[in-house]
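Chain naming here is simple, since letters A, B, ... match the order of the sequence lines and numbering starts at 1 in each.
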Number of protein chains: 2
Amino acid sequence: MTEPADPPVRRDPLSREKVLLAAVAMADEAKGEVPSTRKLANRLGVRAMALYHHFKNKDELLDGMVDLVFAEVELPTGDLDWQTAMRRRGASMREALKRHPWAVGLMDSRVDPGGATLRHHDTVIGCLLAGGFTIVGAAHAFSMLDSYIYGFAIQENALPISDEGDFEAAAVGMMETVPADEFPHLTAMAAEHALKPGYDYGDEFAIGLDLIIDGLDRHRESWR
Amino acid sequence: MTEPADPPVRRDPLSREKVLLAAVAMADEAKGEVPSTRKLANRLGVRAMALYHHFKNKDELLDGMVDLVFAEVELPTGDLDWQTAMRRRGASMREALKRHPWAVGLMDSRVDPGGATLRHHDTVIGCLLAGGFTIVGAAHAFSMLDSYIYGFAIQENALPISDEGDFEAAAVGMMETVPADEFPHLTAMAAEHALKPGYDYGDEFAIGLDLIIDGLDRHRESWR
DNA sequence: AGTAAAACTGTACGGTGTAAAGTACAATGC
DNA sequence: GCATTGTACTTTACACCGTACAGTTTTACT
């Protein structure tokens, strides 16, 4: 008879989810670098090839990681008007992409979306339709909002690391190498705006998002 | 005395520019994959390490490639109002990113911009300032426009390859795997809009760009 | 002709994703 | 109770990657 107090000798096996969680955590720590199969496996107390028992190949693993990011995004709930809902999910999505900067670089090569991604898209479209958009209008709105959100994330990622006052040092250093006479407007903007003490590029996000939402509201009726 | 009719036996040496042009051409052909140093060198009739005589490391080469893409973008000329200028450069930029899809994925990791990039940014900011934007307003406008353009490029890249009617086949196939009862709005949009014969996602670009430009015009006065 | 710099090569190292085959163990059917 | 099957994982190996380091050649300039 088997001993009930004796669980499987292999203490507990891997699973898609456990692998994905570790992969996301490692990518976050590595400031945007997706871990190699060997490093990921190592963290999980296993050899690299063990991962291939749970994922067909690395691409499938990356798909799963992106889907996990989408799962973190706050979905619109039915009780909000579409403007508020889109503002909230925009902010939430941007925060997720800031927490997981590696995801932005992955988006443009992912082709088959996971369940959380589909759920996200479906809910957003549903929210827009409920808000009075036609299907065509909802497609416009969706495309516009997501383009803005992803693009903003790209630009935020490309900034010199914003951990601390490091940013200012890096930005100043960069600007020193840019001749002011050759690029007058750029240096003016840097000196008079972007390098001013309280400036935070992140604040631009809400401004743009509001402008787009405002524009969508204005054009909503005309999209049939 | 050296013979003037006898040009260098090494027919002609590499140069940054020649390497970059070959690299861009190869990346374009490879549908978005940046070539490895060995493959690139091979195309140039040289061994991999020869590249390191012209570039400190691969990152510097990638920087150069991105700068070449910016060099292809049509710059605003002084004789256009800012709206027209921004529409033109937006379209031009998107086309460049479509020609060179690999550039989009590179953007979020590039940190030091090349000359063409700086020239581009400077000219755009100059155009906005000339159009009546304050520095703060120009910063908002610039951030918004570029976010939208980059983000749109991401989404366009992520589409199943749009070479031909292949697109429809791929999209239909994808939609077959999405249960309609679980994602009703998504499937509705696909069926009634995105999969209709004449639909081209690229057409969304101008709609969003116009909406943003319109919004910028409306808010311009309020940004001091 | 001699020298010094520039352009390029050979070799090597540690890293990558993953194919193929092998091993250890649990569960199952008889 | 024992053979069979399936699951989870390991070992080994391969082709490819970026690049450090130390040559070697080719060119340019006295």
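Each side chain to side chain donor-acceptor pair (under 3.5 Å) pair with one or both residues in residues 54-63 of chain B, not counting sequence neighbours, appears once here: B:Arg16-B:Glu60, B:Asp63-B:Arg110.
B:Ser36 comes within 4.0 angstrom of sugar-phosphate atoms only, judged by non-hydrogen atoms across all strands, and of no base.
Contacts of residues 49-64 of chain A with DNA chain C (heavy atom under 4.0 Å): A:Met49, A:Tyr52, A:Asn57, A:Lys58. Near DNA chain D, defined here as any heavy-atom distance below 4.0 Å, there are no residues from residues 104-114 of chain A.
The base of C:dG17 sits with one of its N or O atoms less than 3.5 Å from a complementary donor or acceptor on the side chain of A:Arg38.
Per the geometry, CG belonging to A:Leu40 stands 16 Å off C1' belonging to C:dG15, to the nearest Å. Atom CG in A:Asn42 sits roughly 12 Å away from atom P in C:dG15 (whole-Å rounding). When the C1' atom of C:dG14 is taken as reference, atom NZ of A:Lys39 falls 10 Å away, rounded to whole Å. Distance CZ (B:Arg47) to P (C:dA12): 15 Å, rounded to an integer number of Å. B:Arg16 places its CZ atom 13 Å from the P atom of C:dA7, with the value rounded to the nearest Å. Going from atom CD of B:Glu33 over to atom P of D:dC16 covers 15 Å, rounded to whole Å.
Among residues two or more places apart in sequence or in another chain, the side chain to side chain donor-acceptor pair (under 3.5 Å) test is passed with A:Thr37 by none. Evaluation of the side chain to side chain contact (heavy atoms under 4.5 Å, CB included) rule for A:Thr123 yields A:Leu75, A:Pro76, A:Arg119 as partners, not counting sequence neighbours. In this view, B:His193 and B:Tyr199 satisfy the ring pair (Phe, Tyr, Trp, His ring centres under 6.0 Å) rule, not counting sequence neighbours.
A donor-acceptor contact closer than 3.5 angstrom is absent between the side chains of A:Ser147 and B:Tyr150.
Interatomic distance, OG of B:Ser92 versus CD of B:Glu74, reported as 5.0 Å (0.5 Å rounding).
Among D:dC9, C:dA12, C:dT16, the nucleotide with an atom closest to any side-chain atom of A:Leu14 is D:dC9.
A:Tyr148 and A:Phe205 have parallel rings, their planes meeting at less than 30° on a 0 to 90° scale where 60° marks the start of perpendicular.
Separation of the B:His121 and A:Phe183 ring centroids does not fall under the 6.0 Å cut-off.
Between B:Val104 and the choices B:Val66, B:Ile149, B:Leu97, the side chain to side chain contact (heavy atoms under 4.5 Å, CB included) rule is met once, by B:Leu97.
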